[in-house]
Amino acid sequence: MGAGCSSSSSSSLTLSLSSPNYHYSPSSTLHPKSPSNFIISPSNHTFYSQFLKSSTNSPPKCRSSSIHEIKTNKSTNPLKTAMSNPHTIDSELLQKLVHDALVWSSLHGLVVGDRSVERSGSVPGVGMVHAPIALLPNSFPEVQWNQACELAPVFNELVDRVSLDGNFLQDTLSRTKKVDAFTSRLLDIHSRMLQIGKKEDIRLGLHRSDYMLDEKTNLLLQIELNTISCSFSGLSCLVSELHRSLLSQYKKPLGLDSQKVPINTSASKFAEVLAKAWTEYSNPSAVVMVVVQPGERNIPELINTHNVTSIRKTLAEIDAQGKILSDGTLQVDGETVAVIYFRAGYAPTDYPSESEWKARLLMEESSAIKCPSISYHLTGTKKVQQELAKPNVLERFLENKDDIAKLRGCFAGLWSLDDSDAVKNAIQQPGAYVMKPQREGGGNNIYGDFVKETLLRLQKEGSEEEAAYILMQRIFPTVFPTVLVRDGICYKEHAVSELGIFSAYLRNKETVLSNEQCGYLMRTKVSSSNEGGVAAGFAVLDSLYLT
């Protein structure tokens with residue numbers, strides 16, 4: 001996979017992309033137009049109910065959950081148990097591992113803003129805490145790992161092909177448009193681009209495809225494909241470095257091979273492709289613009305390696321300061337914009353007024369390279385995902401039969417609420433399904449008895465609200481013992497994991513400049529939690545140990 005996560009000594013623009021409303025790890029005072037090698041370190045806003053606050057002066061401690069408490073035995077052979085059951089690792093060794101993990105995190109920037117510190121995020125360097133992590137990597141089959149990596153360029157190509165079919169996107173989301181105001185506004189912008197014949201010669205996508213390994217079938221099944229604001233490319237590569245370091249340092253007592261933790265290149269690869277896109281724009285004085293939320297507390301680390309200038313603007317600021325020149329060039333606050341990266345703009349709350357929507361339309365109408373464009377954004381919606389899973393739909397976009405078979409092999413069951421048989425089954429067996437709305441980020445899905453209640457309500461009301469949802473087969477991954485570390489305290493938990501594969505796609509007219517897998521994100525959460533997502537407070541960052 002090449003070099004690992006880049007640092008200040010690397011030769012590439014490092015951009016760790018995250019979702020809005022995380023805390024950055026501030027390391028220096030920002031200038032709004034600084035040369036950019038920016039590392040964005042997201043944190044969490046909420047904590048597991050199991051995770052209790054510790055005293056800042058307390059030494060590392062480890063707690064077992066009351067349900068799964070396991071007593072350690074110093075005579076246990078760690079070689080046989082470190083991966084199969086880390087709960088049985090000798091308590092003294094466990095405390096050393098936690099201590100060294102916390103030290104490593106502090107020294108290498110695996111840190112996030114601490115919300116308990118008032119000035120954290122607003123004053124650079126003040127109020128830091130280590131990112132929530134798994135102490136040791138998660139065992140994962142190498143066969144399925146290779147499968148996920150091989151799927152990445154195929155999904156990139158699929159996104160690009162689907163995004164070019166304006167009629168497909170409009171038709172697929174037509175019913176959703178009637179009941180979902182946010183999707184409706186996005187479709188209006190997309191429709192406007194179709195009307196004026198707007199073409200994107202340079203097409204840039206930074207994506208993440210998320211999977212779970214189903215325990216019953218042993219199949220790697222896709223949860224969703226993210227085409228906007230894919231999070232944690234920066235911190236994820238640091239976690240893999242941390243785990244490789246711990247396994248190397250404690251090779252004798254753990255008996256684990258650090259080389260079985262894949263090197264993670266997500267940050268440096270994403271940065272490399274962004275720099276390539278900037279180069280393709282062919283204007284050395286132009287900037288990369290990152291669209292952020294108002295009052296953003298995230299502060300990036302800026303290191304001048306690619307000599308690319310970056311600016312950060314809210315949608316409202318873009319509306320107030322932006323204009324399009326006669327040749328299509330976008331200027332914001334006097335700066336020519338070559339590349340736009342959306343860290344904001346994927347949620348309805350990002351558009352509190354017409355000003356924000358005007359800014360989104362302005363950017364789409366310009367010649368700046370959008371990541372994502374409106375068509376890429378819509379391609380990542382749940383409804384499009386469900387439509388692509390229907391028989392014979394992939395053949396509309398792809399010719400290679402092997403690629404089509406690979407994609408279909410990872411599709412979980414997906415149904416429209418128009419499917420009466422699927423709805424009937426979901427009412428009878430709600431635990432086997434998940435209801436998903438057209439929303440990004442954790443905390444939006446419907447599980448268990450709430451699936452039944454929602455479906456019955458929609459049937460009773462007879463409204464078209466059902467078009468805002470899809471039904472998805474619920475995936476049941478293997479539950480495994482693990483040690484999670486948050487706020488300086490480790491917890492022995494039983495957990496499940498979700499693998500995200502980062503990928504990048506860049507095309508200038510007919511020439512594909514980049515189409516590759518870029519790294520990975522492993523998120524681990526307690527098995528009792530339905531929802532996922534580190535940002536939503538349900539998961540911690542993890543890495544892989546290939547078996």
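Residue numbers run from 1 in the order of the sequence given.
- Residues Lys383 and Glu387 are not paired through a salt bridge, judged by the lack of any N-O separation under 4.0 Å between the basic side chain and the carboxylate.
- No side-chain donor-acceptor contact under 3.5 Å links Asn138 and Asp542.
- Contact of the Lys436 side chain with the Asn444 side chain is not registered, since no non-hydrogen atoms from C-beta on lie closer than 4.5 Å.
- When all heavy atoms of His243 and Ser543 are compared, the closest pair comes out as ND1-OG, 2.5 Å.
- Panel note: side chain Trp145, backbone Tyr545; no donor-acceptor pair is recorded below 3.5 Å.
- In the displayed structure, Lys358 atom NZ is contacted under 6.0 Å by at most 12 heavy atoms of other residues, nucleotides or ligands.
- Asn167 places a side-chain heavy atom less than 4.5 Å from the side chain of Asp165.
- Remark: side-chain polar atoms of Asn218 are not paired, donor with acceptor, to backbone N or O of Leu213 under 3.5 angstrom.
- Between atom CG of residue Leu506 and atom CD1 of residue Ile369 there is a gap of 7.0 Å, rounded to the nearest 0.5 Å.
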Could you walk me through whether Ser266 and Leu521 pass the side chain to side chain contact (heavy atoms under 4.5 Å, CB included) test, one step at a time?
CA-CA 9 Å; Ser266 52; Leu521 166 67; over 6 Å; no
Can Val291 and Ile318 be said to form a side chain to side chain contact (heavy atoms under 4.5 Å, CB included), step by step?
CA-CA 9 Å; Val291 181; Ile318 294 167; 4.0 Å; yes
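- In terms of modelled atom types and a separation under 3.5 Å, the side chain of Arg523 and the main chain of Leu499 share no donor-acceptor contact.
- Under the side chain to side chain donor-acceptor pair (under 3.5 Å) test applied with Lys370, the options His377, Glu364, Glu200 reduce to a single match, Glu200.
- The side-chain heavy atoms of Tyr520 and Leu544, taken from C-beta on, include a pair separated by under 4.5 Å.
- When side chains are defined from C-beta on, Leu110 counts as touching Leu242, because their heavy atoms get closer than 4.5 Å.
- Using modelled atom types, no side-chain atom of Arg343 and backbone atom of Ser229 make a donor-acceptor pair closer than 3.5 Å.
- The shortest distance between side-chain heavy atoms of Ser367 and Leu330 does not fall below 4.5 Å.
- Rounding to the nearest 0.5 Å gives a distance of 6.0 Å between CG of Leu158 and CG of Leu394.
- Counting only heavy atoms from C-beta outward, the side chains of Met435 and Leu471 approach each other to under 4.5 Å.
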May I have the step-by-step check of side chain to side chain donor-acceptor pair (under 3.5 Å) for Asp214 and Thr217, ending in yes or no?
CA-CA 6 Å; Asp214 185 64; Thr217 63; 2.8 Å; yes
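- Ser191 places no side-chain N or O within donor-acceptor distance of the main-chain N or O of Asp188, the cut-off being under 3.5 Å.
- Looking at Asp160, Asn508, Val159 one by one, the single match for side chain to side chain contact (heavy atoms under 4.5 Å, CB included) with Arg203 turns out to be Asp160.
- Listed for the Ser503 side chain is no donor-acceptor partner under 3.5 Å among the backbone atoms of Cys518.
- Side-chain polar atoms of Thr336 and Thr329 form no donor-acceptor pair below 3.5 angstrom.
- Exactly one residue among Arg312, Lys313, Lys323 makes a salt bridge (charged side-chain N to carboxylate O under 4.0 Å, His left out) with Asp333. That residue is Lys313.
- Side chain of Thr379 to backbone of Ser375: a donor-acceptor contact under 3.5 angstrom is found.
- The two residues Leu378 and Val384 come nearest to each other via the heavy atoms O-CG2, 3.5 Å.
- Judged by distance alone, the side chain of Glu215 and the main-chain N or O of Thr478 form no donor-acceptor pair under 3.5 Å.
- For the atom pair CG of Leu206 and CG of Asn226, the computed distance is 12.0 Å after rounding to the nearest 0.5 Å.
- Judged by distance alone, the side chains of Lys382 and Gln385 never bring a donor and an acceptor atom under 3.5 Å apart.
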Evaluate Lys509 against Glu280 for side chain to side chain contact (heavy atoms under 4.5 Å, CB included), listing each step before the verdict.
CA-CA 11 Å; Lys509 295 182 179 179; Glu280 289 299 309; over 6 Å; no
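- Using modelled atom types, one finds no donor on one side chain facing an acceptor on the other under 3.5 Å when comparing His108 with Glu241.
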Working note: Gln331 + Val337, criterion side chain to side chain contact (heavy atoms under 4.5 Å, CB included); need CA distance, chi angles, decisive distance, verdict.
CA-CA 6 Å; Gln331 284 192 346; Val337 178; over 6 Å; no
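- Of the options Glu356, Arg185, Arg360, a side chain to side chain donor-acceptor pair (under 3.5 Å) to Tyr351 is made by Arg360 and by none of the others.
- The side-chain heavy atoms of Val112 and Leu235, taken from C-beta on, include a pair separated by under 4.5 Å.
- A donor-acceptor contact shorter than 3.5 Å links the side chain of Gln517 to the backbone of Gly519.
- The shortest distance between side-chain heavy atoms of Val143 and Gln147 does not fall below 4.5 Å.
- Side-chain contact check for Gln293 and Asp350: at least one donor-acceptor pair (N or O, by modelled atom type) lies under 3.5 Å.
- Note that CG of Asn445 and CZ of Arg474 are 10.0 Å apart. Values are rounded to the nearest 0.5 Å.
- Between Trp415 and Met472, the closest heavy-atom pair is CZ3-C, 4.0 Å.
- In terms of modelled atom types and a separation under 3.5 Å, the side chain of Asp180 and the main chain of Thr176 share no donor-acceptor contact.
- His207 pairs with exactly one of Phe155, Tyr505, Tyr376, Phe270 by the ring pair (Phe, Tyr, Trp, His ring centres under 6.0 Å) rule, that one being Tyr376.
- Atom-to-atom distance recorded for Ser209:OG and Leu225:CG is 5.0 Å, nearest 0.5 angstrom.
- The shortest non-hydrogen separation linking Cys237 to Gly234 is SG-O, 2.9 Å.
- Rounded to the nearest 0.5 angstrom, Asp210 CG and Leu221 CG are separated by 13.0 Å.
- Closest of all the heavy-atom pairs between Ile501 and Ala148 is CG1-CB, 3.7 Å.
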Report the C-alpha separation of Glu365 and Arg192 in whole Å, then their side-chain angles, then the decisive distance to 0.1 Å, and conclude whether the salt bridge (Lys or Arg N to Asp or Glu O under 4.0 Å) test is met.
CA-CA 9 Å; Glu365 291 179 331; Arg192 170 64 179 163; 3.5 Å; yes
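- When all heavy atoms of Leu204 and Ala277 are compared, the pair lying nearest together is CD2-CB, 3.9 Å.
- Taking the six-membered ring where the residue is Trp, the centroids of Phe232 and Phe502 are separated by 6.0 Å or more.
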